Protein chains: 2
Amino acid sequence: MEYEQLKLDNQLCFRLYTAARLTTGAYHPYLEPLGITYPQYLVLLVLWEKDRQPVNDIARRLMLETNTVTPLLQRMEKAGLIVRTKGQEDSRQRIVSLTKKGIEMREQAKHIPECLATDIIKTTGSVEEIMQMIPMLDKLIEGLKQTNNNKFK
Amino acid sequence: MEYEQLKLDNQLCFRLYTAARLTTGAYHPYLEPLGITYPQYLVLLVLWEKDRQPVNDIARRLMLETNTVTPLLQRMEKAGLIVRTKGQEDSRQRIVSLTKKGIEMREQAKHIPECLATDIIKTTGSVEEIMQMIPMLDKLIEGLKQTNNNKFK
DNA sequence: CAAATTTATATCGTTCACGATGCAAAAGTA
DNA sequence: TACTTTTGCATCGTGAACGATATAAATTTG
């Protein structure tokens with residue numbers, strides 16, 4: 001059949017797109033009480049590992065463009081989770097730091113990964129099989145970073 | 001370490017989120033000349049398999065909400081790819097059909113899946129390893145559909 | 001050192017994605 | 001048949017995601 005490869009069911013990318021949307025949705029019940037979104041949660045993960053980072057470092061870590069991250073940070077600042085201060089050595093930079101509220105949220109978010117794992121186990125049976133994807137996803141992501149014109153170096 | 005599970009590198013979901021964004025980005029150079037976006041391409045895939053479907057069937061197939069699909073279809077109609085006509089048996093329904101332009105685009109899009117596969121092979125070395133994820137993603141997606149409160153039944 | 005280039009971030013416009021809500025048509029029920 | 005509920009789709013508001021563009025500060029170059 002000539003158009004066989006255009007069938008939705010044959011497409012890896014559609015599965016990734018769907019799986020990503022549904023996982024984000026699975027986080028929703030846990031993030032909503034904290035008043036944050038999934039991308040905001042990702043920013044917090046980055047800052048909980050290392051506080052006081054310039055916008056660019058956060059963007060690179062999340063493999064997002066700065067014009068995605070900037071408005072994200074502006075909303076988080078308005079929500080009182082972070083503050084953005086001018087860099088001292090390099091005054092073009094904006095250093096992002098956690099506020100008291102942002103630091104304390106770590107404690108409230110502590111159990112979210114386990115909750116997600118439990119949810120997935122409950123409906124898929126095992127989480128081990130799913131976790132096998134991790135090295136494959138890493139390989140794919142590494143490849144795609146190159147494919148997409150070395151946007152993230 | 002108490003917050004070990006909150007590390008970004010330990011998170012499957014972040015990888016899915018990133019892989020999905022980057023794959024969509026990898027489609028961009030092939031879709032842009034056609035004047036369509038990745039979600040619009042997905043709608044076309046669905047309609048190329050079976051023309052004349054109500055909004056709801058398209059949404060269910062893509063596992064999207066109708067309030068995402070409706071504006072998507074409106075833009076596609078404005079672009080001349082589809083038309084939306086009132087259903088005959090059930091006049092609440094809007095039947096989505098391909099236009100001549102929409103039908104003809106199939107020919108132009110025919111090679112896109114191969115192009116993507118080639119791009120991925122070029123940067124990751126093999127596509128077989130990546131394709132192993134397909135059954136795992138299907139299992140995860142099935143599980144998440146249930147997790148997310150049976151939104152898509 | 002002055003001019004050109006690069007870098008860090010921000011702004012703008014368009015397109016998703018989805019929760020909440022609205023509305024009319026269909027289906028179920030008293 | 002009248003009333004209630006459900007269903008199919010649309011509208012609205014908010015938050016991403018990103019291409020294109022802007023701006024100021026740093027860096028490089030002549």
Side-chain angles (χ1 to χ4, degrees), chain A residues 14 17-29 31-32 35-43 53-60 62-79 81 84-96 148-149 151-153, chain B residues 14 17-29 31-32 35-43 53-60 62-79 81 84-96 148-149 151-153:
Chain A
F14 172 61
Y17 160 82
T18 303
R21 279 190 309 104
L22 296 183
T23 16
T24 304
Y27 271 96
H28 191 256
L31 296 179
E32 216 248 304
I36 57 174
T37 64
Y38 183 68
Q40 291 175 13
Y41 170 71
L42 292 179
V43 171
Q53 294 192 56
V55 175
N56 223 340
D57 289 17
I58 298 174
R60 239 194 307 268
L62 299 178
M63 287 176 270
L64 289 165
E65 303 292 331
T66 61
N67 56 0
T68 297
V69 175
T70 293
L72 191 52
L73 293 173
Q74 288 169 340
R75 285 186 286 269
M76 291 177 75
E77 186 167 39
K78 214 194 284 185
L81 295 165
R84 299 178 308 146
T85 55
K86 270 229 162 67
Q88 289 162 11
E89 344 79 87
D90 187 336
S91 75
R92 289 171 304 180
Q93 288 187 334
R94 296 276 258 169
I95 308 297
V96 181
N148 293 359
N149 204 22
K151 266 189 286 192
F152 316 101
K153 23 168 177 13
Chain B
F14 172 61
Y17 160 83
T18 303
R21 279 190 309 103
L22 296 183
T23 14
T24 303
Y27 272 95
H28 191 256
L31 296 179
E32 217 247 305
I36 57 175
T37 64
Y38 183 69
Q40 291 175 11
Y41 171 70
L42 292 180
V43 171
Q53 294 192 55
V55 176
N56 222 340
D57 289 17
I58 297 174
R60 239 195 307 268
L62 300 178
M63 288 178 268
L64 289 165
E65 304 292 330
T66 60
N67 56 0
T68 297
V69 175
T70 292
L72 191 53
L73 294 173
Q74 287 169 342
R75 285 185 287 269
M76 292 177 75
E77 186 167 38
K78 214 195 284 186
L81 295 165
R84 299 178 307 146
T85 54
K86 270 228 161 69
Q88 289 162 10
E89 343 81 85
D90 187 337
S91 75
R92 289 170 304 179
Q93 288 186 335
R94 295 277 257 168
I95 308 296
V96 180
N148 293 359
N149 205 21
K151 264 189 288 190
F152 315 100
K153 25 170 174 16

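Proteins get letters first, then strands, A, B, ... in listed order; numbering begins at 1 in each. No experiment lies behind these values; they were computed from the predicted model shown. Computation of the quantities below employed the complete heavy-atom set of this structure, encompassing side-chain atoms and omitting hydrogens, waters and symmetry-equivalent molecules.
- Contact annotation: Thr24(B) side-chain N/O to dA17(D) OP1/OP2 distance is not under 4.0 Å.
- Across dA17(C), dT9(C), dA20(C), the shortest atom-to-atom separation from the side chain of Arg21(A) is found for dA17(C).
- Side chain of Arg21(A) to backbone of Met63(B): a donor-acceptor contact under 3.5 angstrom is found.
- Between Asn56(A) and the phosphate of dT9(C), there is a side-chain N or O to OP1/OP2 separation shorter than 4.0 Å.
- Spacing between atom CZ of Arg92(B) and atom C1' of dT5(D) amounts to 11 Å, rounded to whole angstrom units.
- OP1 and OP2 of dG8(D) both lie 4.0 Å or more from every side-chain N or O belonging to Arg94(B).
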Check nucleotides 14-16 of chain D for protein N or O atoms closer than 3.5 Å to its own N or O atoms and list the pairs.
unit_1  : atom_1 : unit_2   : atom_2 : d
dA16(D) : OP1    : Thr37(A) : OG1    : 2.6
dA16(D) : OP2    : Gln40(A) : NE2    : 2.6
dA16(D) : OP2    : Arg75(A) : NE     : 2.9
dA16(D) : O5'    : Arg75(A) : NH2    : 2.6

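- Checking the phosphate oxygens (OP1, OP2) of dC9(D), no side-chain nitrogen or oxygen of Arg84(B) falls inside 4.0 Å.
- Asn148(B) places a side-chain N or O within 3.5 Å of a backbone atom of Leu22(A) that can act as its donor or acceptor partner.
- Among the protein residues, Asp90(B) comes within range of the sugar-phosphate backbone only, with heavy atoms under 4.0 Å from sugar or phosphate atoms but none that close to a base.
- Contact annotation: Ser91(B) does not reach the phosphate of dA24(C) (side-chain N/O to OP1 or OP2, under 4.0 Å).
- Candidate nucleotides dA20(D), dA17(D), dG19(C) were compared by shortest atom distance to the side chain of His28(A), and dG19(C) ranks first.
- Not counting sequence neighbours, the partners of Tyr17(B) by the ring-ring contact (aromatic ring centres under 6.0 Å, His included) test are Tyr38(A).
- Residue Glu32(B) is classed as having no contact, given no heavy-atom separation below 4.0 Å to the nucleic acid.
- Between Gln74(B) and dT11(D) there is a side-chain polar atom (N or O) within less than 4.0 angstrom of OP1 or OP2.
- Rounding to the nearest 0.5 Å gives a distance of 12.5 Å between CG of Leu81(B) and CZ of Arg75(B).
- Contact annotation: Thr70(B) reaches the phosphate of dA10(D) (side-chain N/O to OP1 or OP2, under 4.0 Å).
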